[in-house]
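Data block below; observations after.
The first residue of the sequence shown is numbered 1, and numbering continues consecutively from there.
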Amino acid sequence: MGRREKPVEAAEPALRRLAEWLREQRKEAKLTYRQLADRTNYHPTTLQRAAAGRSVPSWKVVEAVVRECGGDLKTARRKWSQANYWAHVPHPSRTRRLRAPRRVDPEQVDSFADLRRAMHEMRRKADWPSLRELDRRARDRGERLPSSTLALVLKGEAPLRKPVFLAYMDVCGVKEARRALWAAAWDRTNNARSPIPVNSRTYHSEFVRAMQSSSAGTPTDTLFRLWMTLRTNLAAERDEGSAHPAAAGREGTDDNPSMLV
């Protein structure tokens, strides 16, 4: 009698379900890992890792196990796709996932969060190329998609610029007609943002208000835009005021950029 398997270690629910289901398939087929290895030409350790839940196994390993155990390949593909999706989708810092993957309609998009979910779906359909691979493809086209920047964009921790969005769709193989719909969705979402305040004091108050409510869901795009525009506006006011003697009297006020950087 073989040793008892250790409990599934997966923290991600979808990965845990996949690992537990693979174990059930093997037990129902009454096969040991060594017997399964002889039939699939995979090492027993590889098969054990696939059912351990520490990482997402390749589809070829899952397919071989399920096929030899007489399981349903459609169910296997669905469970593997779910686990693979959540293994690749980056989560914003200190947050947990709140919704399952879903198809995003470009004509109904109304937020940058929707655009980012669409980017995850585009990457999934492209068989989850690594961020380095996406940057390599972009370089081949004379563009750039630095992996570090793209990681922050996908997490929602850096603004989604249109050139980045367009280049990303291109390297993920999105068809031209579809890219046009998504480009229009980006324009519509960007144009729907709230008007920008007109002076640095207004920027400052808007920024403070946004920071105070950020835990309630203020988009990172909004915070970053306010911060950058506030810095730019304050620098312009400082340069303009430096030509006047009265400028010295403003040091230490709320409009001093050194207090905000």
Side-chain angles (χ1 to χ4, degrees), residues 1-91 96-104 116-140 145 147 150-151 154-155 168-175 178:
M1 183 175 178
R3 288 184 301 176
R4 215 173 155 184
E5 285 188 279
K6 295 181 180 179
V8 174
E9 301 178 17
E12 168 58 51
L15 180 55
R16 185 186 306 113
R17 288 193 294 269
L18 173 64
E20 291 173 346
W21 187 76
L22 289 175
R23 291 186 177 192
E24 291 173 5
Q25 299 304 301
R26 184 185 64 80
K27 290 176 181 177
E28 289 177 4
K30 295 181 169 48
L31 294 172
T32 65
Y33 283 112
R34 188 167 297 280
Q35 291 171 332
L36 199 54
D38 292 338
R39 298 188 181 194
T40 61
N41 293 323
Y42 283 104
H43 195 278
T45 302
T46 300
L47 301 176
Q48 288 177 317
R49 287 175 179 168
R54 288 190 291 269
S55 61
V56 181
S58 71
W59 166 245
K60 289 184 178 180
V61 172
V62 172
E63 182 182 27
V65 169
V66 175
R67 194 182 296 279
E68 292 302 325
C69 291
D72 182 16
L73 287 177
K74 285 188 176 180
T75 301
R77 186 73 186 191
R78 186 181 71 251
K79 289 181 178 293
W80 178 84
S81 296
Q82 286 281 325
N84 200 34
Y85 180 94
W86 290 116
H88 285 86
V89 173
H91 298 201
R96 58 188 179 86
R97 79 175 199 199
L98 296 177
R99 63 178 72 186
R102 61 180 176 84
R103 181 180 174 85
V104 184
R116 288 190 176 90
R117 278 194 291 275
M119 292 173 73
H120 299 318
E121 182 65 12
M122 294 170 192
R123 190 177 172 201
R124 183 190 69 78
K125 289 183 177 180
D127 291 330
W128 294 111
S130 68
L131 299 184
R132 289 183 180 274
E133 170 62 16
L134 292 176
D135 186 27
R136 186 194 66 76
R137 295 179 187 179
R139 286 172 180 267
D140 291 343
L145 278 176
S147 56
L150 191 54
L154 291 171
K155 287 181 180 180
Y168 181 90
M169 290 192 289
D170 187 21
V171 298
C172 283
V174 179
K175 294 182 179 180
R178 195 74 176 169

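How far CG of Asn84 is from CD of Gln82: 10.5 Å, rounded to the nearest 0.5 Å. Expressed to the nearest 0.5 Å, how far OH of Tyr168 lies from CG of Leu150 amounts to 6.5 Å. Between Arg39 atom CZ and Leu47 atom CG the span is 12.5 Å, to the nearest 0.5 Å. The line from CZ of Arg26 to CD of Gln35 is 9.5 Å long, rounded to the nearest 0.5 Å.
Salt bridge Arg34/Asp38: absent, no basic N to carboxylate O contact under 4.0 Å. A salt bridge links Glu121 and Arg124; the closest N-O separation between the charged side-chain nitrogens and carboxylate oxygens is under 4.0 Å.
Not a single side-chain contact (heavy atoms from CB on, under 4.5 Å) links Lys30 to another residue, sequence neighbours left out. Residues passing the salt bridge (Lys or Arg N to Asp or Glu O under 4.0 Å) test with Arg132: none are found, sequence neighbours excluded. Taking Arg67 as the reference, Glu63 meet the salt bridge (Lys or Arg N to Asp or Glu O under 4.0 Å) condition, with sequence neighbours excluded. Every residue two or more places apart in sequence or in another chain that forms a side-chain hydrogen bond (donor to acceptor under 3.5 Å, both in side chains) with Thr45 is listed here: His43. Evaluation of the side-chain hydrogen bond (donor to acceptor under 3.5 Å, both in side chains) rule for Glu68 yields no partner, not counting sequence neighbours. Not counting sequence neighbours, the partners of Glu133 by the side-chain hydrogen bond (donor to acceptor under 3.5 Å, both in side chains) test are Arg136, Arg137. In terms of the side-chain contact (heavy atoms from CB on, under 4.5 Å) criterion, Pro7 has no residue partners (sequence neighbours excluded).
By the 4.5 Å heavy-atom criterion applied to side chains, Arg49 and Val61 are not counted as neighbours. Between Val62 and Leu22, the closest side-chain pair of non-hydrogen atoms falls below 4.5 Å. Within the 4.5 Å cutoff, the side chain of Leu134 has heavy atoms near those of the Cys172 side chain. Between Thr40 and Thr46, the closest side-chain pair of non-hydrogen atoms is not below 4.5 Å. Residues Val65 and Tyr42 fail the side-chain proximity criterion, which asks for heavy atoms closer than 4.5 Å.
A ring-ring contact (aromatic ring centres under 6.0 Å, His included) check over residues 56-80, counting only residues at least two apart or in different chains, returns the pairs Trp59-Trp80.
Glu20 approaches Val8 most closely through the heavy-atom pair CG-CG2, 3.7 Å. Summarising the geometry of Ala19 relative to Ala51, their closest heavy-atom pair is CB-O, 3.6 Å, with the distance given to 0.1 Å. Of all heavy-atom pairs spanning Ala138 and Val171, the tightest one is N-CG1, 3.5 Å. A pairwise comparison of heavy atoms in Leu131 and Ala151 identifies CD1-CB, 3.7 Å as the closest pair.
A distance-only check finds no donor-acceptor pair linking the side chain of Arg116 to the backbone of Lys155 [under 3.5 Å].
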Identify each donor-acceptor pair in which a side-chain atom of residues 69-79 lies under 3.5 Å from a protein atom, sequence neighbours left out, and give them as a table.
| from | atom 1 | to | atom 2 | distance (Å) |
| --- | --- | --- | --- | --- |
| Asp72 | OD1 | Lys74 | N | 3.3 |
| Asp72 | OD2 | Thr75 | OG1 | 2.7 |

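Residue Arg23 places its CZ atom among more than 12 non-hydrogen atoms of other residues, nucleotides or ligands, all under 6.0 Å distant.
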